[in-house]
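Predicted model only: the values in this text are computed from it and were never measured. Each ligand, and each atom within it, is numbered from 1 in the order the structure gives.
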Amino acid sequence: MKKTLLIFAAASMLFAACGGGSNETKTEETAPAATESTEAPEATGDAVITISAGDDMKFDLSEIKVKEGQNVKLTLKHTGQAPVASMGHNFILLAAGVDLDAFAQDALNAKDSEYIPANRANEIIAHTKLIGGGETTEIEFKAPAKGTYDFLCSFPGHYAMMKGEFIVE
Ligand SMILES: [Cu+2]
């Protein structure tokens with residue numbers, strides 16, 4: 001009991017020593033800096049994104065935002081039940097300026113490569129494999145230069161509904 005009291009007394013003395021008039025100004029000065037520094041680690045860390053689509057042929061995200069150069073960990077979840085042959089989904093991120101309609105047209109003829117058109121490989125920044133109901137797949141890639149990019153699911157007939165903007169800030 002005596003020991004505890006002593007420690008308590010020592011602790012309060014330390015606390016008193018640290019405190020004082022300067023304490024108030026210190027908090028005021030560090031407050032704005034602290035807000036900035038909480039954002040900094042986010043920018044350098046990974047961008048962890050989960051995008052889902054079910055049997056309703058819709059992505060749950062129409063917009064994805066990341067930072068330039070950021071490592072992107074993207075998970076595609078098929079929350080439906082339909083098999084891959086009738087309701088397959090993928091996620092394809094197109095390079096800047098690629099014609100979405102023309103790309104999707106070529107994808108129709110690429111059934112053997114999961115609707116990834118080989119002749120347009122250089123127009124793809126990243127893509128997942130094609131998955132069916134209940135499946136999940138993950139990819140990792142580096143965010144491209146600042147700009148707005150299109151993403152889509154290239155399964156026949158899906159891209160009109162299943163597309164969105166991938167924004168790099
Ligand atoms: Cu799809």
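When each of D101, N119, D99 is tested with D106 by the rule side chain to side chain contact (heavy atoms under 4.5 Å, CB included), just one qualifies, namely N119. Test L94, I125, V98 against Y149 for side chain to side chain contact (heavy atoms under 4.5 Å, CB included) and you get one pass: I125.
Of all the N, O or S atoms in H158, the one closest to the Cu ion (ligand 1) is ND1. As for H89, its N/O/S atom nearest the Cu ion (ligand 1) is the one called ND1.
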May I have the step-by-step check of side-chain contact (heavy atoms from CB on, under 4.5 Å) for H89 and E135, ending in yes or no?
CA-CA 10 Å; H89 294 318; E135 290 184 290; over 6 Å; no

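In this structure, G88 and L130 approach most closely via the heavy-atom pair C-CD1, 3.8 Å.
The SD atom of M162, the Cu ion (ligand 1) and the SG atom of C153 define an angle of 110° (nearest 10 degrees).
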